[in-house]
Structures are given as structure tokens and as C-alpha cells.
Amino acid sequence: MERFYVTTPIYYINAEPHLGHTYTMVVADTLARFYRAKGVETFVVTGTDEHGDKIAAIAAAHGENPKLYADRMSPLFQQAWQECGFLVDQFVRTTDPRHEQLVQEFLQRVYDNGDIYFSRYAGLYCTGCERFLTEKELVGGNCPDHKRPPEPIEEENYFFRMTRYLPAVQQYFEAHPDAIYPEHYRNEVLAMLASGGIGDLCISRPKTRLDWGIELPFDRRYVCYVWFDALISYVSGLKMRGDDTFHAFWPTAHHVMAKDILKPHAIFWPSMLLALRLPLFRRLLIHGYWVRGEAKMSKSLGNVIRPLDMKQQFGIDTLRYFLLREMAFGQDASFNEDAFAARANADLANGLGNLASRVLSMQQRYFDGQVQPLDPPTAADDDLQGAFAQALVEVPEWTEQLAFHRALEALWRALDHANKYVVDTAPFTLARERQQLPRVGGILHRLLECLYTTATLLAWFLPETSQKIFSLLGVTAPVRLPTSLGWGEHFPIGHRVQPPITLFPRIDLQKEATPRA
RNA sequence: GGCGGCGUAGCUCAGUUGGUUAGAGCGAGGGUCUCAUAAUCCCUAGGUCACUGGUUCGACUCCAGUCGCCGCCA
């Protein structure tokens, strides 16, 4: 059986879920639903990253111990994703004993293989970044990201002999051109590897400075550095379901993430896997940032859009549609209310929503909701069917290539065609003459088929809407993504469809803006 | 500083291996129908394709340089 394993990063619990997290989730969810529709067995892992200096500091600032803070924050993510309806097979918390045990087991294994050594290190440490900075990285003596001076620290630590594995990592990426997508990021990784500037990785923190982390099994005076801990969640998430699950899914691993954490995933992680004698992941899928004005959408800079607020105000599918339609996967995109409302109104309310509404309304008005036989097709009928046949081919193709915006664009070309078909064939005019009713019935039957195919192709993009349309049509969704339209086979003659509902209310920003008090 | 990318209509972008009047969507303006969520559908945008040189019969599309923006690395 074919399988597909997709992960998101485990999210750092220093802030609430924001738009960037939500986009990553939407992508992972869309991919999982797509492969599922194709009959592929899927597994999704996400979670929360709960260790590290920063968490300890935030918890202390709240007067809490870190574990309690984590126990309070982690569910915010879990619940948000659940309310958004994202498929999640395993939610990993790095404070879960099963995860901690695996991290220790892996550390021990790497240590036993001689890939971990002890050494003194002096440097400038930024608690915001949770890493040492070089002098050259500083801007005016400050960390460029956190705008404050790092602390000079000298200490003894454990190091992972990453340099030993870098040549093999490089070979792997050269031999597997699609392992990092988009290609732009693959080139960056290859450049990084070729530069020779990558050293071994410090994987410990002395407890004297920080004790909120997983203890090193071979030296209890130290805890594990966050990346070594966090990356292993991709394995522990599967192992929590048993070794069979791990063996079945691991070779198909697709890691979705934003571009800021490319390096740990493309350099540290494959090195760790090689040191652990585990197969490498299948692909890294790198997306860009949602920018709003000048500042990037980041947890430390505020500027947050809360997913649950968006869902409550506009519905999860409207948010999904905007995110998937507006961002070319891999590139940055901008988020603002005007673009959001424009997109939603033009494509969802006026396009898809109105089409469903007018078709179901006519079916109700002229035939009491009962589906009529197809009549012999005209040229216009053939064109319409051709448009949807093309969508049936293009939408899955673009999805497979992660070009979600193109996939949706392709589907909307067909929908636009359907709206035009209504005007061209004018069933509402024909219906005035009794002898034309068979033709009206044939036209409406075809339009119902348009909605059927649309719902089929929306299953992984807008699952809620897809279900709503099938339910309005009074039929069940196909079990498997069909390879041909099958028009004429979905509605028995006399089958009754439902009267229209408003799938997507038009968004009026001025109205939305007022009741803020 | 090194490597790489980008700069096309008000906005977001397409523009394949160089070739007749440079395209789409949205927004805006005008019109139409009336089944529909005042939605649909039709018409309308005259933009030095950043700038300057070069190659060519001919370049938005190739080359060099300039300016501006950005990414990665140092």
C-alpha cells in the first residue's frame, strides 16, 4: 500500500498560534487529504516544542514552573488545530515521557557510535536565538534578530560530530534533486554545504545555566539542546504508534516548514539521521512568510493574526482558500484585509457560492428539486464538460506539484465557464415555454454535475465546503478521486436535491470593522 | 565582501527554446440579463516590459554595465 507521511514543525510555545503556524497546518492538511483522496494511507504529525531557555524564562516571568506553563500552552495549539478541523494523527509534546525516552535513547546511540565529544567553548550567547552568535553577525553589538546584546559565555559542552556526515548529506541532496523544494532552497543548502563553513553542533547546555530540558543519558549535569530534541519528534510521533507505524511511514516523510528553519532541517537533521543509521526523510517542503506591510509575521514581533478569530469571523474554508490561493508555495505573500475580502467575495461568494445558489434555486423552482434526464448535448454542453474534464486533470496535477494557487485557479476557470454557460444557455428564459422544459432539465442536470465535480476537487482544499455541496446535492462523496467525470451517473432521474443555502456570505469590511467595542 | 534572485498595466502576477498590434485576474468606468448572495455576462486599461549599451534581420525574452529591492553565506 502506498503511504504518505507529512509533518509540520512542532511549534514553540512561547506564543499563541498565529497565521504562520496556521498556513503550515493548512498545507500539511491539504496534502494529507489529497493523498487520502487518491487512496494513499496518510499520517500527520505536529506538536509543541516545550524545552529551552526561552520557555524557562517566560515561565519564570509568569511565576510558573516550566512544566505548568507548557501544560497551559500546549493545549492552545492542540485545540486550535482541532477546531480548525485539521487532520492530526499524532500530536507530539516534547515533554511527553515517550518522546523524552526516545531522545535519550538516540543520544546514547550516537554517543556509543563515537559521534559525540566533550569540549570547551567560549562565545556570545543569545537567549532569544538559543544559540551562540559570531562577532560578525552582531549589528551594533546586538543580536540582529532580537536587538539586544548577547552574553559572553564560556563553558564545556557536548558536541555532535556533524562534520563527519556532511559529505554524505551533500551527496544525498545531489543525488535527489527533489529532496528540497523549491529548488531555490536546495541551491542554498548545497551552497552552504560546499562553503565548508559548517562545524560540529553543540548539543548540550549545562544544568547550572539551564535545567529545563532532556537530560543527557551519559552526563546528568547536562540537558539536550533544543534542536536535537525537537527534530526527533518526527520519529517519536510515529513511534508513539508503534514500531510498525514507524517502519511503514518513515521512508515517505515530507517535512513542511517555513524558510527560517531550513538549516536545522537540511543540515542538522539528515546528519543526525545518518549518525543514527536511519534512512533520510523523503522531502523538505519549504514555504515563505506571510508579510503584512513591512514586518514579517513573526511570533517575537507580535503582528499576529489569530487563526481561531479568523475562523469564527469568516469560516475556516474562507481562510484556507485565501492562504492557498494567494501564496505561491515557496514564495512570500502578503496578507491584508482588503485582499482577503476581495478574494473571498470575488471567488467564493460571487463565483462558487452564487453558482450553487442559482443552480439549486432553478432546480427547485422549475422541477421541485427533482433531477431531469440529460438531453442530447449541444456544442455549449460539450464545451462545459470539456472545461471540467480539464479541471479534473489539472487540479490534481498542480496539487501534486504543490502549486495550490494554480490548482485553484484551474478549478475556477471551470467554475467561471459554468457561470457563463448559465447566461449563454439562459435556462431561466427557456423555462417560460413549456415545450423547452426538457432542455432546461438537461442544462440544470449538467450544472449539478459541475457542482459534483467541483465538490470532488475541493475535498482537500475546502473540506467543509466540499461536504456542504455534496449534502446539498443529496449524494455522498466519491470514495476515491475519479479519473473521469462520470457525468450522468451521479443523479438518478427524479433524485431530489436541496434548496440553496448561502455557502459564503459576502464580506463587508466596513460592517465588520464597526462592532469592535 | 562572495554567491544568487528580482524589478512587466493602479494592485497581484503570466510571459515557453528571441519574431506579426506585450497577456490574465482583481480594482475602476460603461452596458446587459434577471435564475442567483445588487451576484452573472459583455465592453473598456493605450503599460518607455527599471535604466544604458551590445549581439541579431528582429529582444520583455540573450550578453555587459548602472540603479533599486531581496535572499543565502561570510
Side-chain angles (χ1 to χ4, degrees), chain A residues 133-139 144 180 182-199 258-263 266-267 286-289 291 294 296 315 318 322 325-328 330-367 369 380 398 403 405-406 408-413 415-432 436-437 440-441 443-444 447-448 450-451 472 499-509 511:
Chain A
L133 305 177
T134 62
E135 297 274 3
K136 290 173 183 171
E137 283 179 285
L138 303 185
V139 177
I180 301 176
E183 195 182 8
H184 168 70
Y185 293 111
R186 170 176 183 262
N187 295 338
E188 281 187 3
V189 170
L190 288 177
M192 242 186 278
L193 287 165
S195 77
I198 302 170
K259 60 187 180 183
D260 57 333
I261 50 176
L262 173 62
K263 186 173 176 180
I267 309 284
I286 319 297
H287 71 251
Y289 291 139
V291 293
E294 293 304 297
K296 78 169 183 182
T318 302
F322 181 83
R325 177 65 182 78
E326 206 74 7
M327 175 177 270
Q331 295 185 281
D332 290 354
S334 62
F335 188 102
N336 67 71
E337 284 80 1
D338 288 344
F340 185 87
R343 201 91 239 178
N345 285 339
D347 296 359
L348 296 177
N350 301 348
L352 171 58
N354 186 51
L355 178 69
S357 182
R358 66 201 307 204
V359 170
L360 292 171
S361 169
M362 284 189 278
Q363 190 64 243
Q364 208 60 224
R365 176 184 298 232
Y366 304 134
F367 301 106
W398 288 122
H405 66 306
R406 292 234 186 279
L408 291 168
E409 201 176 65
L411 177 56
W412 254 258
R413 267 197 294 277
L415 284 169
D416 290 344
H417 192 118
N419 265 321
K420 186 174 160 60
Y421 172 84
V422 174
V423 172
D424 290 347
T425 57
F428 40 85
T429 305
L430 297 178
R432 290 171 191 157
Q436 291 284 8
L437 281 178
V440 174
I443 290 169
L444 291 180
L447 286 164
L448 292 172
C450 290
L451 294 176
L472 285 168
I501 60 171
T502 299
L503 288 173
F504 303 98
R506 289 177 58 78
I507 297 172
D508 183 343
L509 282 183
K511 224 160 96 185

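Chain letters run A, B, ... following the sequence lines, proteins first and then strands; every chain starts at 1.
Note: A/Arg343 CZ to A/Glu326 CD = 5.0 Å, rounded to the nearest 0.5 Å. Expressed to the nearest 0.5 Å, how far CD1 of A/Ile261 lies from CD1 of A/Ile286 amounts to 8.0 Å.
Side-chain contact between A/Leu503 and A/Leu348 is absent, with no heavy atoms from C-beta onward closer than 4.5 Å. Within the 4.5 Å cutoff, the side chain of A/Phe504 has no heavy atoms near those of the A/Asp347 side chain. By the 4.5 Å heavy-atom criterion applied to side chains, A/Arg506 and A/Asn350 are counted as neighbours. Contact check for A/Asn419 versus A/Val423: no side-chain heavy atoms found under the 4.5 Å cut-off. With contacts defined as side-chain heavy-atom distances shorter than 4.5 Å, the pair A/Val422/A/Met362 qualifies.
Comparing the same atom, C1', in B/C33 and in B/C43 gives a spacing of 15 Å after rounding to whole Å. The separation of B/C41 from B/U48, taken at their C1' atoms, amounts to 36 Å, rounded to a whole angstrom. Across the C1' atoms, B/U20 and B/C13 are found 25 Å apart, a figure rounded to whole Å. Taking atom C1' in both B/U8 and B/A22, one finds a spacing of 9 Å when rounded to whole Å. Comparing B/G53 with B/C60, their P atoms are spaced 14 Å from each other, to the whole Å. For the P atoms, the distance from B/G10 to B/C6 is 22 Å, rounded to whole Å. Across the C1' atoms, B/U44 and B/A24 are found 16 Å apart, a figure rounded to whole Å. Comparing B/C51 with B/G68, their P atoms sit 16 Å apart, to the nearest whole Å.
Spacing between atom CG of A/Asn419 and atom P of B/A38 amounts to 14 Å, rounded to whole angstrom units. Distance, A/Met362 CE to B/A39 C1': 12 Å, rounded to whole Å. A/Leu348 has its CG atom 13 Å from the P atom of B/C26, to the nearest Å. The CG atom of A/Asn187 sits 12 Å away from the P atom of B/C6 (whole-angstrom rounding). Protein atom CG of A/Asn336 is 14 Å distant from nucleotide atom P of B/G27, rounded to whole Å. Look at CG on A/Asp347: it is 15 Å from C1' on B/U37, rounded to the nearest Å. Distance CG (A/Asn354) to P (B/C33): 18 Å, rounded to an integer number of Å. In this entry the distance linking CZ of A/Phe322 with P of B/C26 reads 15 Å, nearest Å.
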Quick one: which protein N/O atoms are closer than 3.5 Å to N/O atoms of nucleotides 11-14 of chain B? Pair and distance per line, please.
none

Close N or O pairs between protein and nucleotides 68-72 of chain B (under 3.5 Å):
residue, atom, partner, partner atom, Å
B/G71, O2', A/Glu188, OE2, 3.0
B/C72, O4', A/Glu188, OE2, 3.2

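Within the structure, a side-chain polar atom (N or O) of A/Arg432 is placed less than 4.0 Å from OP1 or OP2 of B/U34. Phosphate proximity of B/A36 to A/Ser361: present, with a side-chain N or O under 4.0 Å from OP1 or OP2. At least one side-chain nitrogen or oxygen of A/Arg506 sits closer than 4.0 Å to the OP1 or OP2 atom of B/A39.
Heavy-atom minimum distance, A/Pro182 versus A/Gly330: CG-CA, 3.7 Å. A/Ala418 approaches A/Cys450 most closely through the heavy-atom pair CB-SG, 4.3 Å.
Looking at A/Asn345, its side chain does come within 3.5 Å of a backbone N or O of A/Ile507 through a donor-acceptor pair. Judged by distance alone, the side chain of A/Thr425 and the main-chain N or O of A/Tyr421 form a donor-acceptor pair under 3.5 Å. Looking only at distances, no side-chain donor or acceptor of A/Asn354 sits under 3.5 Å from a matching main-chain atom of A/Ala349.
Residue A/Asp416 is classed as a sugar-phosphate contact, given heavy-atom separations below 4.0 Å to backbone atoms only. Within 4.0 Å of A/Leu360, counting heavy atoms only, lies no atom of the nucleic acid at all.
Residue A/Arg343 has its side chain nearest to B/G25 when only B/C35, B/A39, B/G25 are considered. Taking only side-chain atoms of A/Phe428, from C-beta outward, the nucleotide of B/C73, B/C33, B/U40 with the closest atom is B/C33.
Stretches of at least 3 consecutive Watson-Crick or G-U wobble pairs, with each checked distance under 3.5 Å, appear in RNA chain B as B:1-7 with B:67-73, B:10-13 with B:23-26, B:28-31 with B:41-44, B:50-54 with B:62-66.
Comparing A/Ala346 and A/Tyr366, the nucleotide of RNA chain B nearest to each residue sits closer to the 5' end for A/Ala346.
Using the six-membered ring where Trp is involved, A/Phe335 and A/Phe340 have ring planes that are tilted, between 30° and 60° apart.
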